[in-house]
Trainee: 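Provided herewith is a single structure, encoded as structure tokens, for subsequent inquiry.
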Protein chains: 2
Amino acid sequence: MASKEQRHRAIQEIISRESISTQAQLVERLRNMNFDVTQATVSRDISELRLVRVPLGRGKHKYALAHLELSEDVMDELRRIFPTFVRDVDRGENIVVLKVSEGHASGIALLIDRLRRDDIVGTIAGEDSILVVGRTIQAAEALQEEFEALLTQGSDTM
Amino acid sequence: MASKEQRHRAIQEIISRESISTQAQLVERLRNMNFDVTQATVSRDISELRLVRVPLGRGKHKYALAHLELSEDVMDELRRIFPTFVRDVDRGENIVVLKVSEGHASGIALLIDRLRRDDIVGTIAGEDSILVVGRTIQAAEALQEEFEALLTQGSDTM
DNA sequence: TGGCTCAATGCATGAAGATGCGGACTGTGC
DNA sequence: GCACAGTCCGCATCTTCATGCATTGAGCCA
């Protein structure tokens, strides 16, 4: 049985590879990949992944990843979950390593990716670790400090 | 009589100032500003302005300006320089390796980073090679094909 | 003026997306 | 085991959005 998280990954991959204009189309692609879902579920997935439907003019549309300054929202989310799931922040040169509660690595890494910061080249999530690749050592130092700050001072804005 | 152009500007101003979640709401705001329009017209305006409706979770939405042209421009740039500077595309698992003309690696890697594609975890540029780390092996396979297409002719969609 | 064409728009309706409800399943505590 | 709570998801339906068609009005020219 395919998990919801796998399906979310699949959706992101599908829309970044091909041009999907309706949820029905997405359902079709997912079914070809053996995800047995309906439009209702895809609608909920799109909402959770915050995908946007971009008008391309003359009535064409395509789904895309939201490239927005939603960063604020993402930061709020990170502030909320960091103290709960992240246990340690360390660094080797330009790589910041986060130790997190088992199973939460990919979720947190996804959030960090969504920050779309220019000083972060990318992230890789394992079981209980996340590697955050800084663009430079200096950038990684600053990141390390920011992450450490998130660890101790958990605020919430709901 | 307010022109279409004026209305378009008003719409952009409204959505950047307050949180608009449906076209009906936008019609209401426009009417308060003496633009006498219907939902049909607003729908066409949104299409022309390429505004996106972003899901905010828990069933909330808001209209926002789309930021996608960036990737389009970057793709054009890549199409232009790929045949000139990239000499080979290869892959090992989820890592795509580009062999490029000496000294051009970092410039091209920067462009690839700017695509901000979720299926690309990150890139690392050496002297004459670029490693592009795909999020999955499947993603890297697809990337390899796309890069190869760019190599021979510059006319595909990404 | 009368007769074109074209852009803009409303109306009515069809298409696409969101959601309330309930069933199936899982995990937890007693 | 049973009861309860939580999550996921399909179905049916409602809401929201897109659009074919008709109308209006502006600009143009004979």
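The sequence lines fix the lettering, A, B, ..., with proteins before strands; numbering per chain opens at 1. Everything quoted here is computed from the prediction, not taken from an experiment.
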Trainee: B:F147 and B:I112: side chain to side chain contact (heavy atoms under 4.5 Å, CB included), yes or no, with the steps?
Mentor: CA-CA 11 Å; B:F147 288 146; B:I112 294 173; 4.2 Å; yes

Trainee: Can you find a heavy atom in the side chain of B:R87 that is under 4.5 Å from one in the side chain of B:L98?
Mentor: no

Trainee: Does a donor on one side chain sit under 3.5 Å from an acceptor on the other, for B:Q39 and B:S43?
Mentor: no

Trainee: Does C:dG10 have its OP1 or OP2 closer than 4.0 Å to a side-chain nitrogen or oxygen of B:T38?
Mentor: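 Answer yes for this pair, as a side-chain N or O of B:T38 is under 4.0 Å from OP1 or OP2.
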
Trainee: Reckon A:D36 touches a base, only the sugar-phosphate, or nothing at all at heavy-atom distances under 4.0 Å?
Mentor: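 Counting heavy atoms under 4.0 Å across all strands, the contact made by A:D36 is with sugar-phosphate only.
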
Trainee: Would you mind reporting whether B:V27 and B:T38 have side-chain heavy atoms less than 4.5 Å apart?
Mentor: no

Trainee: Distances under 3.5 Å between protein N/O atoms and the N/O atoms of nucleotides 6-8 of chain C, please, pair by pair.
Mentor:
from	atom 1	to	atom 2	distance (Å)
C:dA8	OP2	B:K4	NZ	3.2

Trainee: Any chain of hydrophobic side-chain contacts (each under 4.5 Å) joining B:L26 to B:M33?
Mentor: yes

Trainee: Atom NE2 of A:H8 to atom P of D:dT7: distance rounded to whole Å?
Mentor: 14 Å

Trainee: For the pair B:R29 (side chain) and B:I14 (backbone), establish whether a donor and an acceptor sit closer than 3.5 Å, ignoring hydrogens and angles.
Mentor: no

Trainee: Stepwise, does the side chain to side chain contact (heavy atoms under 4.5 Å, CB included) test hold for B:I95 with B:V132?
Mentor: CA-CA 6 Å; B:I95 312 285; B:V132 180; over 6 Å; no

Trainee: Please report the distance, rounded to the nearest Å, between CZ in A:F35 and P in D:dG10.
Mentor: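 The distance from CZ of A:F35 to P of D:dG10 comes to 13 Å, rounded to the nearest Å.
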
Trainee: Compute whether any side-chain donor of one residue and acceptor of the other, for A:S21 and A:K62, lie under 3.5 angstrom apart.
Mentor: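 There is no such pair (donor and acceptor under 3.5 Å, judged by atom type) between the side chains of A:S21 and A:K62.
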
Trainee: Enumerate all atom pairs, one protein N or O and one N or O from nucleotides 12-18 of chain D, separated by less than 3.5 Å.
Mentor:
from	atom 1	to	atom 2	distance (Å)
D:dC17	OP1	B:R53	NE	3.1
D:dC17	OP1	B:Y63	OH	2.6
D:dC17	OP2	B:Q23	N	2.7
D:dA18	OP1	A:H61	NE2	3.3
D:dA18	OP2	B:Q23	NE2	2.8
D:dA18	OP2	B:S43	OG	2.7
D:dA18	N7	B:Q39	NE2	3.0
D:dA18	N6	B:Q39	OE1	3.0

